[in-house]
Amino acid sequence: MNWRVPLADLNYALDEEQAIRDVLWSRWLTMGAITQRFEHEFAAFLGVKHALAVSNATVALHLALLALDIGPGDEVIAPALTFVATTNAVLYTGAEVRFADICGAHDLNIAPAEIEKQITPRTRAIIVVHYGGYPCQMECIAEIASRHKLAIIEDAAHAPDASLDGTVLGTWGVAGCFSFFGNKNLSTGEGGMLITNRDDIADRVRLLRSHGMTTLTWDRHQGHASTYDVTDLGYNYRIDELRSALGRAQLGKLRAGNMRRQAITEKYWERLSDTALEFPFRNALGISAHHLFPILLPEGCDRARFMDALRAEEIQTSIHYPPIHLFTYYRNRYPAVLLPITEALAARQVTLPLYPTMSDAQIELVIAATRNALNAVSD
Ligand SMILES: *Cc1c(COP(=O)(O)O)cnc(C)c1O
């Protein structure tokens, strides 16, 4: 479909094209010098000791769990109002998921009190997801984690360059996992990054992302090594130089892009504040990356009709998220899970378009169409 306003769009220009050309002409495509530069720049940008580039955020989560030796017999607590990758990564390890409910209409993130209810003797870790780039209640969650000796892994797929109380998201826990999927704030098509301040976690992740091999093809190409050992069961979770080059170009635009996202978010809040809509995170603490603009429709409002009315204006909307525990696979695996707040709010949630290259005219179109759609469905 040819949207007048798509849900998301790339913040790409000539720099990305040049970055790809440079890699092509360098004649080295797989993980090498450009990836190392991207990792150093990403780590320096966020002020973290280690950044390890990987194929995507899903495998970053998998590697974080593996680096903590989480596996069969263990449990990991996570929210259900997130992309299914968050908890699929847990199941890959053989561990089980314990779903915790979210805070409420003002905050769609995992609720600290609900985390506490899910802790059992088997619990090893909590995966928090900073929904839309808005920080979870990390101080409280960190206190619970330390009291119960649980690791925190941050699914920071939405939250590059977000922070809370001066601490960058992704560095509150043992590891932070970022996504560079085509619709994320920093886009490389596919791609991801795992950050950590712990040397032991970084070493383990570096090994596991490339088959458990002690040297890389790149090391051998440079003459630094001629053979290798395999010391662990690893995976091919590497990124390539083309994506890393795109990542470097995108990193340079990230902060300005997030600021533009914030300005658009504030305009939406202000210009739609007299409607029946509710705005999660309007009074959120910390600095958000403003990845998504979520709204909650009034109770009983016909969401499909609302979204159809916007589609008729060629404005794309989405739902973040169909809760994971209600998907067929998860329903069959965990039939007893009940998350009343997640279920009630997910049913009222719609995401409006938000991306840095949105024009002022496009913002006005969305605001006007949203008001019209609300009127139309409340008749
Ligand atoms: C996009 C996303 C992921 C998965 O990222 P990939 O890079 O596509 O693997 C995980 N969690 C959340 C919350 C996401 O939005």
Side-chain angles (χ1 to χ4, degrees), residues 7-10 35 38 42 51-66 76-93 97 99-100 102 107-110 125-136 152-162 169-170 172-173 175-195 205 209 235-240 242-244 246-247 250-251 254 258 261 280-281 288-294 318-325 327 330 342 346 349 351 354-355:
L7 186 69
D9 200 7
L10 291 173
T35 299
F38 182 34
F42 197 86
L52 292 134
V54 291
S55 322
N56 55 66
T58 310
V59 306
L61 289 163
H62 187 197
L63 290 171
L65 291 156
L66 292 173
V76 175
I77 297 170
L81 195 71
T82 173
F83 184 54
V84 68
T86 307
T87 56
N88 280 354
V90 175
L91 300 185
Y92 298 161
T93 69
V97 179
F99 288 103
I102 56 174
D107 180 350
L108 302 179
N109 281 325
I110 194 166
I126 304 162
I127 302 184
V128 298
V129 179
H130 305 292
Y131 180 112
Y134 295 91
C136 293
I152 295 173
I153 296 169
E154 294 175 76
D155 180 337
H158 299 180
D161 203 25
L169 300 193
W172 280 87
C177 302
F178 295 87
S179 173
F180 306 143
F181 187 65
N183 60 13
K184 298 286 169 36
N185 291 27
L186 188 166
S187 305
T188 65
E190 299 285 352
M193 192 76 82
L194 183 149
I195 66 169
V205 168
R209 82 168 154 183
Y235 300 83
N236 179 354
Y237 282 174
R238 294 183 304 260
I239 198 166
D240 60 61
L242 296 157
R243 290 180 176 79
S244 292
L246 289 174
Q250 286 275 285
L251 185 60
L254 180 65
N258 286 0
R261 289 171 178 275
F281 304 113
S288 175
H290 300 284
H291 173 56
L292 299 174
F293 186 78
S318 187
I319 296 168
H320 290 91
Y321 288 88
I324 296 175
H325 68 297
F327 288 132
Y330 277 88
T342 296
Q349 196 278 338
T351 302
L354 178 62
Y355 49 93

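Ligands are counted one by one from 1 in listed order, and the atoms in each one are counted from 1 as well.
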Notebook entry, point to check: Going by the atom numbers of ligand 1, which of them fall below 4.0 Å from some non-hydrogen atom of T86?
Noted result: 11 (N)
Item checked: Sub-4.0 Å atoms of ligand 1 with respect to non-hydrogen atoms of S179 -> 1 (C), 5 (O), 6 (P), 7 (O), 8 (O)
Check: If you count the atoms of ligand 1 from 1 in the order shown, which ones are under 4.0 Å from a heavy atom of T82?
Finding: 13 (C)
Item checked: A57 N/O to ligand 1 N/O under 3.5 Å -> yes
Show every donor-acceptor pair shorter than 3.5 Å between a side-chain atom in residues 56-66 and any protein atom, with sequence neighbours excluded, or say none if there are none.
residue : atom : partner : partner atom : Å
N56     : OD1  : T58     : N            : 3.0
N56     : OD1  : V59     : N            : 2.9
H62     : ND1  : Y237    : OH           : 2.8

Checklist line | Heavy-atom nearest option to atom 9 (O) of ligand 1, drawn from T188, T58, L61 | finding: T58
Check: Are the side chains of P79 and T342 in touch, meaning some heavy atoms are under 4.5 Å apart?
Finding: no
Check: Under 4.5 Å between any side-chain heavy atoms of F99 and I324, yes or no?
Finding: yes
Margin query: Working note: Y92 + Y235, criterion ring pair (Phe, Tyr, Trp, His ring centres under 6.0 Å); need CA distance, chi angles, decisive distance, verdict.
Written below: CA-CA 12 Å; Y92 298 161; Y235 300 83; 9.1 Å; no
Check: Taking all atoms of both residues into account, what is the closest heavy-atom pair of A53 and R209, and its distance?
Finding: O-NH1, 2.7 Å
Margin query: Using a 4.0 Å cut-off to any heavy atom of F83, which atoms of ligand 1 qualify?
Written below: 2 (C), 3 (C), 4 (C), 12 (C), 14 (C)
Notebook entry, point to check: What heavy-atom pair brings S318 and Q349 nearest, and what distance separates the two atoms?
Noted result: O-OE1, 4.2 Å
Checklist line | Side chain proximity check, F38 to F180, heavy atoms < 4.5 angstrom | finding: yes
Next item on the list: Say whether K184 and ligand 1 are in contact under the criterion: heavy-atom distance to a ligand atom below 4.0 Å.
Entry: yes
Margin query: Considering non-hydrogen atoms of the protein only, which is the closest contact for atom 10 (C) of ligand 1, and what is the distance?
Written below: D155 OD2, 3.5 Å
Margin query: Less than 4.0 Å is my threshold; does some heavy atom of Y321 fall inside it relative to ligand 1?
Written below: yes
Next item on the list: Please could you name the atoms of ligand 1 that G191 approaches to less than 4.0 Å, counting only its heavy atoms?
Entry: 7 (O)
Item checked: Any N/O pair H158/ligand 1 closer than 3.5 Å -> yes
Checklist line | Residue that, paired with L108, satisfies side-chain contact (heavy atoms from CB on, under 4.5 Å) out of Y134, Y321, Y131 | finding: Y131
